[in-house]
Amino acid sequence: MTDGSGDPRTARTRAKLREALLAACAERPLERIGVADVVRGAGVGRATFYLHYDDLRALAVDACADIVREAVEALHAWGRTPPGPDAPPRELVVLLREIRGRAPVHRSLLGPGGGPLGELLHRELRQYSLDELNRRRPAGSGHDLTASAVAGLFTGVLTDWVHDRIDATPEQLAGRVWRMLLAVHAAAASHGQSTVTGPPAAPLG
């Protein structure tokens with residue numbers, strides 16, 4: 001992907017391409033979408049597409065960036081003390097409602113192997129969790145395992161949910177996944193892998 005994101009024209013063109021891809025994903029799986037579909041939807045030429053992105057996957061990853069950012073923020077939308085197991089962050093519920101509202105799009109981007117959204121979400125959540133854990137305690141204390149568990153749990157549950165393999169409302173899913181994330185950190189704390197004290201432990205560091 002080329003640089004130049006500070007240029008307003010570049011930003012507008014990339015926004016058009018992202019919107020065109022997401023619109024196409026609402027109608028069919030990502031693997032059935034081609035560059036021709038995207039440039040036609042964006043109203044730009046193929047050469048313009050390749051000026052900004054190396055391939056369709058690079059565009060898909062860029063299009064997923066906002067969703068991933070919202071997910072990371074939703075899982076950390078609390079102050080010094082995270083809510084208890086029966087009170088997930090309200091932002092998490094809102095996020096899941098939005099995802100359910102655009103289920104075909106997210107289903108397309110969260111493919112069986114993770115897809116661009118799943119891969120990016122797992123990577124960003126894992127890194128955020130690892131950074132937070134290392135900030136509280138020096139590295140080498142099993143934080144890598146905890147961070148991987150947190151990222152894998154949330155990404156896997158979200159993927160199965162958008163593919164209708166989990167029957168739950170956004171409110172129900174938020175509560176269940178929040179309790180599971182707290183349990184991961186409680187288990188890590190019992191083995192000396194977390195330094196978060198006081199009930200409950202922070203689910204992502």
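Keep in mind that the numbers below use all heavy atoms, side chains included, and drop hydrogens, waters and symmetry copies. Numbers here simply count residues along the sequence, with the first being 1.
A salt bridge links Arg135 and Glu132; the closest N-O separation between the charged side-chain nitrogens and carboxylate oxygens is under 4.0 Å. Arg102 and Glu98 are not joined by a salt bridge, as no carboxylate oxygen comes within less than 4.0 angstrom of a charged side-chain nitrogen. A salt bridge does not link Arg57 to Asp55: none of the charged nitrogens lies less than 4.0 Å from a carboxylate oxygen.
Here the rule is side-chain contact (heavy atoms from CB on, under 4.5 Å) with Leu120, and of Ile67, Leu109, Val68 only Val68 fits it. Among Arg97, Arg100, Arg176, the one residue that satisfies the salt bridge (Lys or Arg N to Asp or Glu O under 4.0 Å) test with Glu171 is Arg97.
Applying the 6.0 Å contact sphere to CZ of Arg28 captures more than 12 heavy atoms from other residues, nucleotides or ligands. Crowding of Arg165 atom CZ: a count of heavy atoms from other residues, nucleotides or ligands under 6.0 Å exceeding 12.
Across every non-hydrogen atom of Thr169 and Trp161, the tightest pair is C-CZ2, 4.2 Å. Contact between Pro88 and Ala174 at its shortest, heavy atoms only, is CB-O, 3.7 Å. The shortest non-hydrogen separation linking Ala20 to Ala42 is CB-N, 3.6 Å. Heavy atoms only, all atoms of each residue included: Leu133 and Ala147 are closest at CD1-N, 4.3 Å.
Using a 4.5 Å heavy-atom cutoff, the side chains of Val150 and Leu125 are not in contact.
Atom-to-atom distance recorded for Leu21:CG and Leu56:CG is 5.5 Å, nearest 0.5 angstrom. Put simply, CD on Glu27 and CG on Leu22 are 12.0 Å apart, with the number rounded to the nearest 0.5 Å. Interatomic distance, SG of Cys25 versus CZ of Arg107, reported as 12.0 Å (0.5 Å rounding). Between Leu158 atom CG and Ile99 atom CD1 the span is 4.5 Å, to the nearest 0.5 Å. Atom OG1 of Thr13 and atom NE2 of His52 lie 4.5 Å apart (nearest 0.5 Å). In this structure, NE2 on His143 lies 12.0 Å from CZ on Arg126, to the nearest 0.5 angstrom.
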Before giving the answer on salt bridge (Lys or Arg N to Asp or Glu O under 4.0 Å), spell out for Asp62 and Arg14 the whole-Å C-alpha distance, their side-chain angles and the decisive distance to 0.1 Å.
-> CA-CA 9 Å; Asp62 191 26; Arg14 290 182 180 173; 5.5 Å; no
Report the C-alpha distance between Arg179 and Asp86 in whole Å, list the side-chain angles of each, state the deciding distance to 0.1 Å, and finish with yes or no for salt bridge (Lys or Arg N to Asp or Glu O under 4.0 Å).
-> CA-CA 7 Å; Arg179 286 190 291 272; Asp86 296 320; 3.6 Å; yes
Would you please test Tyr53 and Arg18 for side-chain contact (heavy atoms from CB on, under 4.5 Å) and show each step?
-> CA-CA 11 Å; Tyr53 298 100; Arg18 289 194 299 268; 4.0 Å; yes
Leu95 and Leu75: CA distance, side-chain angles, deciding distance, side-chain contact (heavy atoms from CB on, under 4.5 Å) verdict | CA-CA 10 Å; Leu95 172 71; Leu75 288 167; over 6 Å; no
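With Ser108 contributing its side chain and Pro104 its backbone, the two residues share no donor-acceptor pair below 3.5 Å. In this structure, the side chain of Thr159 engages the main chain of Thr155 through a donor-acceptor pair within 3.5 Å. Using modelled atom types, no side-chain atom of Asp37 and backbone atom of Ile33 make a donor-acceptor pair closer than 3.5 Å.
The aromatic ring centroids of His122 and Phe154 lie 6.0 Å or more from each other.
Hydrophobic clustering of Ile, Leu, Val, Met, Phe, Trp and Tyr side chains at less than 4.5 Å, counting indirect connections, unites Val39 with Val61. The same ILVMFWY cluster, assembled from side-chain heavy atoms under 4.5 Å apart, contains both Val184 and Val72. Val94 and Leu121 fall into different hydrophobic clusters, where Ile, Leu, Val, Met, Phe, Trp and Tyr are joined by side-chain heavy atoms under 4.5 Å apart, directly or via other members. Grouping the Ile, Leu, Val, Met, Phe, Trp and Tyr side chains by contacts below 4.5 angstrom, directly or via other members, places Leu117 with Val157. Cluster membership check: Val93 does not share its hydrophobic cluster with Leu96, using side-chain heavy-atom separations under 4.5 Å among Ile, Leu, Val, Met, Phe, Trp and Tyr.
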